[in-house]
Amino acid sequence: MALPRQDDDFPAWYQEVVKQAELAEPSLARGTMVIRPYGFAIWEAIQRAVDDRIKATGHQNLYFPMFIPYRLLEREAEHVEGFAPEVAVVTHAGGEELAEPLVVRPTSETIIWDTYARWVQSYRDLPLLYNQWANVVRWELRPRLFLRTTEFLWQEGHTAHETADEAVEESLKILHHVYREAYEEVMAIPVHAGRKSPSERFPGAVETYTLEALMRDRKALQGCTSHYLGQNFAKAYGVSFLNRQGEQELAYATSWGLSTRAVGGVIMTHGDDAGLRLPPALAPVQVVIVPIFRTDDERGRVLEASRRLADELEGLRVRIDDRDDLRPGFKFNHWELRGVPVRIELGPRDLDAERATLVPRLTGEKEEVPLPKLGDRVREALDRSQRGLFEDARAFRDQHTFRPNDLVEMKTLLREPGGFMLTGWCGSEECEAKVKEETKATIRYLPVEPSPPEGPCIVCGKSAVDEASWALAY
RNA sequence: CGGGACGUAGCGCAGCUUGGUAGCGCGCAGCGUUCGGGACGCUGAGGUCGCGGGUUCAAAUCCCGCCGUCCCGACCA
């Protein structure tokens, strides 16, 4: 019943919230999950936020199949090397062994670029600005609900461009105007936009951009990726076009994705010991009205007033919890666990005084509001919750961002209190690997534009080429 | 895949050492009393004891094999 405390056991807290709030549960095949209606509603709200912005930036949705001939995967060397270990392969179907095995897509660059080859002949055919909502499968070793499941839902955008500049611009546009906005304005999760180090890059990418957020256990979560793929996939799959100079040229690619992992980010960014705290823009239920009564007479009065109130809150997602068999205290806990931003208590005492009791999930403080003012106050409380969750998360993140002077200090800070560590980095993979070996921290992001910081590499002491942000990560 | 823990009712667990009628709490159903921070009483339903094999008159319990889950590590959106 009671949740484990976050400070005592964060992973146990997380699992219990997901289960008790009825977001999702593990299913039969290892690492798969059933997303329950309440959890799926949160995902749908994220989808809407992302999809609207994808379309607003000029993209169209389409759909590619989930089965990809194995040989297609093999054409891009880096790509196959990166994904082969975690790919599920179908060898039998229709009661027979297949002449050619099919992979269940771990991502769709291969089939999409193989198709694009037939769609692109001229610079006039470019750009292709397409996105698909799909499920993908990656055979992960250690699954975790929402954060890392064998099958997950996501969108993957795949664009083809005439020039490298245009493709780079596209991948950054998506990062900032689609993903960052969805994260910060809708999910109320503050993020750092950055660039991945070569060792953390997507297999086959020239550059991988990322949004990184800090969870309440002080571990970082990668919120999405946006890749500039250069001409690698065009070359592997033969996507060439006649350019403005009349020469054959390979198209420039981007791909970018945001997955159901984002739901996990919402849980771990905002949740507290009482359960979820959902930003109103995302909350399947924004306002819950809990009627309080003893006698049948009171029940009639209070329920009627509740319905009137719900009507007045038109346009908001309002729910009246009129279950007869449960007492108010139980309902309070029930909806707090589910993160509903605003609760309104309505009982005989309130009605007699022509007021209602309003309780924002953000603060938990009860406020008595005269009925005529309630509509305005509810909307105000929702606005305040949306902003408050974001501000809280940002303050938490900033309080957990440090600039250690040496590796020893960084190691100490990573352990307690934890968070993002900003340091100079010389750019060598050896130094990166050494930090990982000694602290388990990895480079979460580098600035989008490389800008050598003052001071040396925290590992080797040579001059730094980049400011790296290190953290323990999911 | 390596190290550790664990699989018994929907959930959490006891029972196993020393083989012999499968139990407790929560939840669930019915009825009644309750109702402003996780109510209570009575009655009741619910079990291939993870799966397969072995030992035995008899296996949740002992033996062998397998499967799965969780935690820690390597891989990762």
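FYI, side chains are in, hydrogens and waters are out, and symmetry mates aren't considered; it's all heavy atoms of this structure.
A salt bridge links A:Arg308 with A:Glu304: at least one charged nitrogen is closer than 4.0 Å to a carboxylate oxygen. Salt bridge present: A:Arg201 and A:Glu207 bring a charged side-chain N and a carboxylate O closer than 4.0 Å. Between A:Lys366 and A:Glu368 there is no salt bridge, since no side-chain N of the basic residue sits under 4.0 Å from a carboxylate O of the acidic one. Taking 4.0 Å as the cut-off between side-chain N and carboxylate O, A:Glu380 and A:Arg377 count as a salt-bridged pair. Remark: A:Asp392 does not engage A:Arg216 in a salt bridge, criterion side-chain N to carboxylate O under 4.0 Å. Note on A:Asp321 versus A:Arg323: salt bridge recorded, some NZ/NE/NH1/NH2 to OD/OE distance being below 4.0 Å.
Across the protein-nucleic acid pair, A:His227 atom NE2 and B:C76 atom C1' stand 12 Å apart, rounded to whole Å. In this structure, A:Arg138 atom CZ and B:C76 atom P are separated by 11 Å, rounded to whole Å.
Residues satisfying the side-chain hydrogen bond (donor to acceptor under 3.5 Å, both in side chains) test with A:Arg53, not counting sequence neighbours, are A:Glu181. Scored by the side-chain hydrogen bond (donor to acceptor under 3.5 Å, both in side chains) test, A:Asp51 finds A:Lys55, A:Asn61, A:Trp133 as partners (sequence neighbours excluded). Residues passing the side-chain hydrogen bond (donor to acceptor under 3.5 Å, both in side chains) test with A:Asp466 are A:Arg195, sequence neighbours excluded. With sequence neighbours excluded, no residue satisfies salt bridge (Lys or Arg N to Asp or Glu O under 4.0 Å) with A:Arg307. Remark: A:Trp13 engages no residue in a side-chain hydrogen bond (donor to acceptor under 3.5 Å, both in side chains) (not counting sequence neighbours). Evaluation of the ring pair (Phe, Tyr, Trp, His ring centres under 6.0 Å) rule for A:Phe332 yields no partner, not counting sequence neighbours. Partners of A:Glu140 by salt bridge (Lys or Arg N to Asp or Glu O under 4.0 Å), not counting sequence neighbours: none found.
The 5' end of RNA chain B is approached more closely, in terms of each residue's nearest nucleotide, by A:Glu336 than by the other of A:Glu336 and A:Thr149. Nearest-nucleotide positions on RNA chain B place A:Asp325 closer to the 5' end than the other of A:Phe202 and A:Asp325.
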For nucleotides 10-12 of chain B, print each protein N/O atom paired with a nucleotide N/O atom at under 3.5 Å, atom names and distance only.
none

Check nucleotides 71-73 of chain B against the protein and report each pair of N or O atoms closer than 3.5 Å, with its distance, or say if there are none.
| residue | atom | partner | partner atom | Å |
| --- | --- | --- | --- | --- |
| B:C71 | OP1 | A:Gln15 | OE1 | 3.4 |
| B:C72 | OP2 | A:Arg142 | NH2 | 2.1 |

Under 3.5 Å, which N/O atoms of the protein pair with N/O atoms of nucleotides 44-48 of chain B?
none

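With a cut-off of 3.5 Å on both pairing distances, B:G19 has no Watson-Crick or G-U wobble partner at all. Figure legend. B:C11 is base-paired to B:G25; pairs are counted as Watson-Crick or G-U wobble with both atom distances under 3.5 Å.
Side-chain proximity of A:Phe152 to B:A77, B:C75, B:G36: nearest is B:A77. Here B:A77 is the nucleotide among B:A77, B:C35, B:G37 with the atom lying nearest to any side-chain atom of A:Arg148. Distances from the side chain of A:Glu86 to the nucleotides B:C76, B:G37, B:C35 place B:C76 closest. When distances are taken from the side chain of A:Arg343 to each of B:G37, B:C75, B:G36, the shortest belongs to B:G37.
The stretch residues 438-448 of chain A participates, sequence neighbours left out, in these salt bridge (Lys or Arg N to Asp or Glu O under 4.0 Å) pairs: A:Glu200-A:Arg444, A:Glu212-A:Arg444, A:Lys411-A:Glu438.
Nucleotides B:C24 and B:C67 have their C1' atoms positioned 29 Å apart, rounded to a whole Å. If you take atom P in B:G3 and the same atom in B:G65, they sit 15 Å apart, rounded to whole Å. For the C1' atom pair drawn from B:C51 and B:U34, the interatomic distance equals 47 Å after rounding to whole Å.
A heavy-atom distance below 4.0 Å to RNA chain B is reached by these residues of residues 261-297 of chain A, ordered by number: A:Arg261, A:Ile292, A:Phe293, A:Arg294.
Using a 4.0 Å cut-off, no side-chain N or O of A:Arg327 falls inside it from OP1 or OP2 of B:G37.
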